[in-house]
Amino acid sequence: MNTPAPRAARVTPISGFPEYLPAERIVEQYFLDVIRETFELHGYPSIETRAVEPVDRLLGKGGDADKEVYGVTRLAADEDEDAGEVEFGLHFDLTVPFARYVLENAGRLSFPFRRYQIQKVWRGERPQEGRYREFTQADIDVVDVGELSSHYEAEIPLVMAEIFAKLPIGRMTIQVNNRKIPEGFYRGIGIDDITGTLRIVDKLDKVGPEKVQGMLEEAGCTSEQAEQCLALAAIRTDDLGFVEQVRALGVEHPTLDEGLEALSRVIRTGMENAPGALVADLKIARGLDYYTGTVYETQLEGYESWGSFCSGGRYDALASDGRTTYPGVGISIGVSRLLGLLLGKGLLTASRSTPACVLVAVNDEEGRPESTRIATALRSRGVPCEVAPKPAKFGKQIRYAERRGIPYVWFPGAGEDGGDQVKDIRSGEQVDARPDVWQPPAEDLRPQILRREG
RNA sequence: GUGGGUGUAGCUCAGCUGGUAGAGCGCUGCGUUGUGGUCGCAGAUGUCGCGGGUUCAAGUCCCGUCACUCACCCCA
């Protein structure tokens, strides 16, 4: 250890790659626990896919994905190899890897196949608040062979509604639409460019109805057609009332009928099983082309400007090997984005920065074995604890606990009869206790996730 | 990718028209010879992001560069 210490390289954060402090991580882990438990409560098994996919598969979905894909190369790769060719890239969502996984394992999976997947994903875009280059997503999807029953489109948002109800966050609203509604509606009024029109209407929240009207007319719509599109997009109901409102616009098309029926099933299921969680919102489009039926977007009440924390939809061709097509429906929570907001705004904190509920004090180094035995006894009954690092003055040991938010300090042999005592350092109350029977109040056993109104 | 802002102690920041590096919080010790939080006293901590230039002299002015950050685009 006598190397002359080289000047330490300055450490700097890397933009878009967030790292939490222990107290924040406790909040994140709580969220992940709730998400996982709820997914499993609904019978979803878990898979994990590798972090990399072949670049051509990542780019295969088309669009402008290429800019956001991180390539993975070996630093020692031959320099005379074609440096421009990167074989592997980090996945930028969990849907593309899942589709590949389904194809690869089709012979060994039972269909309809459902799974959940909670993993990091990477996107090489400019980060800003709530948008990162490395972040965690939690997905559920159901995929079948050839045909996928539509009831899954109604069941999948119930899982997310249950998660949002359990988490100590505000009110989450899952907004649902069915692409067949605008598609049939547009065709019914003589618009042919369905996706182009959807893309424009999708900007409604950002630019407002006047601009959308103008953009639609620029794209070739008559002003009557544009007005009709805006009238459809304005419909939003938390019950089946949207059907009547669409009918009142007087447009007829078989695809429109299909869409209204499908969305009605979703909303009805929501009303029965997760009252208040779902709302039919006919302006929800989702920019991505591959959604074909139901689409979901989720907003946190009071933070609508933060956009969607949880979205997804139905794909009629999630995966295809050329002979067989696998339709699917899925929905995904942006865990990092949600936490980034809630922690960043100080709306959530953990009651302590460690799982330890008890600090077992050490009287002197000769007493450490006794303290360790006490800790072992507490742990054997599920009480998280740690032993003090040094036999410092008790004031120091108490302060060690206080700094970390550990609520109890255990004093070996402090009782009048030579037995132990445990002190609640918040109240100062100190009582006789035995390590083989003492139990903290249930709310102290684990760190609490505290919500601050803000 | 385009445009703005900011880089000084562990953190938040001050530092004027260039003249020897500061505060608060936090941290350590003591008051308090084994039960914290309050209070008082004492103390430690800096490649002033990096490189170059101007100058007798640069945290300060100029050029470059890097990083972080905000907005646009797009998404979770």
Side-chain angles (χ1 to χ4, degrees), chain A residues 5-18 21 35 61 63-69 91-95 117-139 160 172 174 199 202-203 205-207 285-289 291 295-300 303 305-313 330-341 344 359 361-364 367 388 390-415 421-431:
Chain A
R7 210 164 43 191
R10 177 175 282 260
V11 297
T12 57
I14 303 180
S15 174
F17 290 79
L21 292 169
I35 291 168
K61 285 280 176 181
D64 41 30
D66 52 335
K67 265 184 286 188
E68 47 182 51
V69 172
H91 57 221
F92 57 84
D93 71 7
L94 298 178
T95 306
Q117 203 168 338
I118 303 173
Q119 282 180 245
K120 287 274 170 64
V121 305
W122 295 268
R123 291 188 194 175
E125 280 192 292
R126 268 275 198 288
Q128 45 189 275
E129 198 180 29
R131 195 177 87 185
Y132 309 104
R133 297 199 283 196
E134 177 181 76
F135 56 98
T136 302
Q137 286 198 161
D139 281 37
M160 296 307 190
M172 278 281 195
I174 304 177
R199 274 180 202 285
D202 197 28
K203 300 197 187 303
D205 274 342
K206 270 184 195 155
V207 302
R286 309 285 313 134
L288 305 163
D289 291 336
Y291 290 122
V295 287
Y296 317 96
E297 263 187 25
T298 308
Q299 287 181 337
L300 178 58
Y303 298 92
S305 65
W306 274 67
S308 179
F309 291 98
C310 173
S311 51
I331 188 165
S332 166
I333 305 182
V335 179
S336 301
R337 162 176 282 212
L338 186 56
L339 282 161
L341 170 68
L359 176 75
V362 177
N363 291 324
D364 45 48
K390 288 190 295 194
K393 291 185 191 173
F394 289 146
K396 287 269 185 68
Q397 300 196 43
I398 290 171
R399 200 168 61 167
Y400 177 95
E402 200 235 337
R403 292 281 153 82
R404 291 160 179 76
I406 300 172
Y408 296 96
V409 176
W410 192 283
F411 294 104
Q421 290 194 317
V422 67
K423 178 188 183 98
D424 181 337
I425 64 172
R426 297 161 300 188
S427 64
E429 188 190 7
Q430 185 165 333
V431 298

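Every chain is numbered from 1 and lettered A, B, ... according to where its sequence line falls, protein lines coming before strand lines. Predicted, not measured: the structure shown is a model, and the values here were computed from it.
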What does the list of N/O pairs under 3.5 Å between the protein and nucleotides 67-71 of chain B look like, with a distance for each?
| from | atom 1 | to | atom 2 | distance (Å) |
| --- | --- | --- | --- | --- |
| C68(B) | OP1 | P13(A) | O | 3.4 |
| C68(B) | OP1 | S15(A) | N | 2.5 |
| U69(B) | OP2 | S15(A) | OG | 2.4 |
| A71(B) | OP2 | Q128(A) | OE1 | 3.1 |

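Of the P atoms belonging to U54(B) and A71(B), the separation is 40 Å, rounded to the nearest Å.
Nearest nucleotide to the side chain of R403(A), out of G34(B), G36(B), C27(B): C27(B). Side-chain proximity of D364(A) to the nucleotides G34(B), C75(B), G36(B) is greatest for G34(B). For R131(A), taking side-chain heavy atoms from C-beta onward, the closest of the listed nucleotides C73(B), U33(B), U35(B) is C73(B). Taking only side-chain atoms of F394(A), from C-beta outward, the nucleotide of U28(B), G34(B), A76(B) with the closest atom is G34(B). Taking only side-chain atoms of Q397(A), from C-beta outward, the nucleotide of G29(B), C73(B), G34(B) with the closest atom is G34(B). The side chain of R123(A) lies closest to A76(B) when the candidates are G29(B), A76(B), G34(B).
Aromatic pair F394(A)/F411(A): ring centres closer than 6.0 Å.
With the 3.5 Å cutoff on both pairing distances, Watson-Crick and G-U pairs in RNA chain B assemble into runs of at least 3 at B:1-7 with B:66-72, B:10-13 with B:22-25, B:27-31 with B:39-43, B:49-53 with B:61-65.
To the nearest angstrom, C1' of A76(B) lies 5 Å from CD of Q137(A). For the pair D202(A) CG and C74(B) P, the computed distance is 9 Å after rounding to whole Å. A straight line from CH2 of W306(A) to P of C74(B) spans 19 Å, rounded to a whole angstrom.
Centre separation under 5.5 Å together with a plane angle under 30° holds for the ring of F135(A) and the six-membered base ring of A76(B), marking them as stacked.
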